[in-house]
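Shown next, in structure tokens, is the structure this report addresses.
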4 protein chains.
Amino acid sequence: MPKSPPRHVSSGGAVEPAVRRGRPTGDHVAKRAELLKAAASVIAQEGYAGASLRKVAQRAGYTTGAVTYYFANKEELVTALIESRFDRYEEMLEAARGQADIKALIEQWLALTTGDPEYWPVMSQLLAHARFEPAFAALIERRYARYREVHTSIIAAGQALGTIRDDIPADLLADQLSAMGDGWMMMFPFEPERFTPGRIQALVDAAIALISPAPDTRRTSGP
Amino acid sequence: MPKSPPRHVSSGGAVEPAVRRGRPTGDHVAKRAELLKAAASVIAQEGYAGASLRKVAQRAGYTTGAVTYYFANKEELVTALIESRFDRYEEMLEAARGQADIKALIEQWLALTTGDPEYWPVMSQLLAHARFEPAFAALIERRYARYREVHTSIIAAGQALGTIRDDIPADLLADQLSAMGDGWMMMFPFEPERFTPGRIQALVDAAIALISPAPDTRRTSGP
Amino acid sequence: MPKSPPRHVSSGGAVEPAVRRGRPTGDHVAKRAELLKAAASVIAQEGYAGASLRKVAQRAGYTTGAVTYYFANKEELVTALIESRFDRYEEMLEAARGQADIKALIEQWLALTTGDPEYWPVMSQLLAHARFEPAFAALIERRYARYREVHTSIIAAGQALGTIRDDIPADLLADQLSAMGDGWMMMFPFEPERFTPGRIQALVDAAIALISPAPDTRRTSGP
Amino acid sequence: MPKSPPRHVSSGGAVEPAVRRGRPTGDHVAKRAELLKAAASVIAQEGYAGASLRKVAQRAGYTTGAVTYYFANKEELVTALIESRFDRYEEMLEAARGQADIKALIEQWLALTTGDPEYWPVMSQLLAHARFEPAFAALIERRYARYREVHTSIIAAGQALGTIRDDIPADLLADQLSAMGDGWMMMFPFEPERFTPGRIQALVDAAIALISPAPDTRRTSGP
DNA sequence: CATGAATGAGATTTCATTCAT
DNA sequence: GATGAATGAAATCTCATTCAT
């Protein structure tokens, strides 16, 4: 019984049949992922405004029509891209939540975002444009709200343990750290040469120092 | 160069042709300023990608031709806009440099950026796109480099005076603060309702607390 | 002619290849009929211009490929659809020809066209477009010519019997009635709410009155 | 003080300045009319579905961009076209209303619609498509409602005078006549050769005969 | 001085059709 | 026998830019 093609599968499901029967499915999911990668690459290099479907198609080695075959819209393509990026971050966040260690989280965030040299360039473009596409804006608001919660709870846990300074409310600290990250993300693409691994590490260390309890003073105030 | 319409002065210059008699020389400059204002408004509302010259002209109450008459092309218009925005910040910075008080600078920066509700929305758009227009990118790199210097020297002065913690190098602190500012700028347009004056002040206070020396514990531990 | 997929029989023919064994021969015919039904439905709802093969396939629950498998191309699909619609009318017409009663024919035509709420919407679309596809135009010209003949002869018979006014030639009356029908067909889809069963009946009654002989006045003027 | 261009002037106003000052206005209104004519011509020849802006532009001797300069949309172009066609009919109708003579109206309608060989072909296309463009549908419903009123009142007046049969309510007669007109309009483009002036006149005469009072019967019933 | 008509390139999107599997 | 991936052409629309007036 013929079915309409499995178009526009939302990101999560990787429910591939264990045994592919009949004709190879052409692997809709994989093709979409391939196109998303091409889109990210184009956005990183040409910016969101300069990223036409044509260029995405070319980079992936297809025709424009193929892109719109796999994604109904440009909007849908970009939405899927944003989702996939956030999914990666969220995965990491879930893992980090168990550890309740903000420093570890920062390090992992660093590994994630610097592991892919396109991560910051792409995210900054998506973020800048999201406001003008209601679908994106909603998506980002939703996700960010969740991150803020998790960040805040991790920091609060750190404060309870005494590993994080407690003279500033956890939610403000969370916002500060997020803002720093977003700020680096925005500036990185301008002068990637300034953001050497060494300097990035120094910035991260400094951030950790900023949120750590006042050094040794407690001990000093002892007997 | 087919025609040489009125010299497109970079920003402040009043290099008007001597030929004009009687008519106020300021006309040209004033009209450019008007168009820049319209451009900022359009960019804030529709994003950089959505800001066509036609819309700018319409918003300013001019004709399409007027825009390209007063600005050689779109790039020049946006360049002038970026310059004008940076000029405002730089003015403030020069004043603040004398005071050598980072806290005062932060407060003034806050007054500047929140005084105009379009400041953050416009800057975030310009920043996001600047990378893809060499002229913009160069401009921004140049300006930012100077700001970093001034910020760093102000912070270093604060460290010397003991008003700023000195366990983190001044240049890193400067970068952290800048990143926070940029981060807020990026997120503000998404959820302006989250950035109430109260919360912004709390964030700023928290930022100041972060860079302040460990609170009087040392002195307390004294005699 | 690159490939010769299953013979695309014009409409009724069951010229299935003898090769198929076991499987019901009616499949092919039935599937074509199903697709035709879907096509009619799509055309009624979205108009001819808005009726893409994809939509037809979707509505029928088939794949894109299926449509072009069962019909060589769009033209053939639509041709088959037109034929099938005309076939229904023609069937009725043949039956009516024996009765030689124009009033009965009108009533039957009414039953046919209002029995299926999509009849007028579909026909009006097909009619409007037929002119620009030579195949359709030829088909329609041919069919209409026959109808005109039959209508005319039925009306002429009525005139001979005195049940239809004879001060207007039968062929003109036939054209008038056809035009009225086509006119209603065109306007019906606009304001279906105006064409209540009651009003339609009134229009039909009025049409019958128009073509009836002057009401018994002649006889009344008798003795 | 520059003003934004006078785009999208609604059909009615021919308020041209008596004295054109400065640069010739380029005659926005005239250009729009020119493009409408081209559009009508393309629609008549290629059908609504086949009438692309490109073809319209080509026929008018412009580029596609020029068309969208004068009309924001394809929709706006077609709306303007429909309006202009209806305006012509309405003008005539207003004139005819004074005469209160349905026969004269029919003759004038005939002159109007057959005077321009594209009238019927264009109108039939517009009508067929109007249903799928809410803007068109609304426009047509509104106009037709008015026509029905005027037609009905003219016919009623004729009935009062005894020049029109009064055994059928005026509104039904009006609908019958309109339907005939629409029906001819639909079929004419198929077989223009059948609609010779002679046959059209015969059809019109027949229509008039249909709605005339029963001939001479009144007189016959006299002494 | 300044306008606004017009261009031409490019973007998104839709679609009938082809064809390897 | 049937699928659905992929194509390529065309359509609508937007826009920076040019240029005669």
Query raised in the report: Considering only side-chain heavy atoms of A66(C), which listed nucleotide, dT3(F), dC15(F), dA6(E), is closest?
Result: dT3(F)

Query raised in the report: Under 4.0 angstrom, heavy atoms only, what part of the nucleic acid is A57(B) near: base, sugar-phosphate, or nothing?
Result: nothing

Query raised in the report: Within 45 degrees of the axis of the six-membered ring of F136(A) and under 6.0 Å from its centre: does K74(A) put its NZ or CZ there?
Result: no

Report task. Return the value, rounded to whole Å, for the distance between atom OH of Y48(C) and atom P of dA16(E). Result -> 9 Å

**Report entry** Closest to the K74(D) side chain, choosing from dC13(F), dA2(E), dA6(E)
**Finding:** dC13(F)

Requested in this report: On DNA chain E, check which nucleotide each of G50(A) and G50(C) is closest to and give me the residue with the more 5' one.
Outcome: G50(A)

Report task. Kindly say if Y62(C) contacts the phosphate of dT3(F), meaning a side-chain N or O under 4.0 Å from OP1 or OP2. Result -> no

**Report entry** Euclidean distance, atom CZ of residue R54(A) to atom P of dT13(E) [Å, nearest integer]
**Finding:** 13 Å

Query raised in the report: Below 4.0 angstrom from OP1 or OP2 of dT14(E), is there any side-chain N or O of K55(C)?
Result: no

Requested in this report: Round to a whole Å and report the spacing from CG of L53(C) to C1' of dA6(F).
Outcome: 16 Å

Report summary line: Between E75(B) and G65(A), the residue closer to the 5' end of DNA chain F by nearest nucleotide is G65(A)

Report task. Name the closest nucleotide to the Y69(C) side chain, picking from dA6(F), dT3(F), dG8(E). Result -> dT3(F)

Requested in this report: Could you tell me the separation between the CD atom of E76(B) and the C1' atom of dA16(F), rounded to a whole number of Å?
Outcome: 14 Å

Query raised in the report: To the side chain of K31(A), which of dC15(E), dG4(E), dA6(F) is closest?
Result: dA6(F)

Query raised in the report: How close or far is atom C1' of dT13(E) from atom CG of L77(A), stated in whole angstroms?
Result: 14 Å

Query raised in the report: Are any side-chain N or O atoms of E75(B) and backbone N or O atoms of A135(B), one a donor and one an acceptor, separated by less than 3.5 Å?
Result: no

Query raised in the report: For dT3(E), which nucleotide is its Watson-Crick or G-U wobble mate, given both distances must be under 3.5 Å?
Result: dA20(F)

**Report entry** Among dT17(E), dT13(E), dT12(F), the nucleotide that comes nearest once only the side chain of N73(A) is considered
**Finding:** dT13(E)

Query raised in the report: Expressed in angstrom and rounded to an integer, what is the separation of F71(C) atom CZ from dT18(E) atom P?
Result: 16 Å

Query raised in the report: Nearest to the side chain of T64(A) - dT7(E), dA2(F), dT13(E)?
Result: dT13(E)

Query raised in the report: With respect to the side chain of T68(C), which nucleotide from dA16(F), dA6(F), dT17(E) is positioned closest?
Result: dT17(E)

Query raised in the report: So how far is it from I82(A) CD1 to H129(A) NE2, rounded to the nearest 0.5 Å?
Result: 11.0 Å

Query raised in the report: Just wondering, are more than 12 heavy atoms of other shown residues or ligands nearer than 6.0 Å to NZ in K37(C)?
Result: no

**Report entry** Atom-to-atom span, CG of L35(D) to C1' of dA6(E) - whole angstrom
**Finding:** 12 Å

Requested in this report: Mind telling me whether Y70(B) and H28(B) have parallel, tilted or perpendicular rings, with 30° and 60° as the class edges?
Outcome: tilted

Report summary line: Atom NE2 of H28(D) and atom C1' of dA6(E) are separated, to the nearest Å, by 12 Å

Requested in this report: Using the salt bridge (Lys or Arg N to Asp or Glu O under 4.0 Å) rule, take R32(B) and E76(B) through it: C-alpha gap first, then chi angles, then the decisive distance, then the call.
Outcome: CA-CA 11 Å; R32(B) 279 172 62 101; E76(B) 206 199 88; 3.4 Å; yes

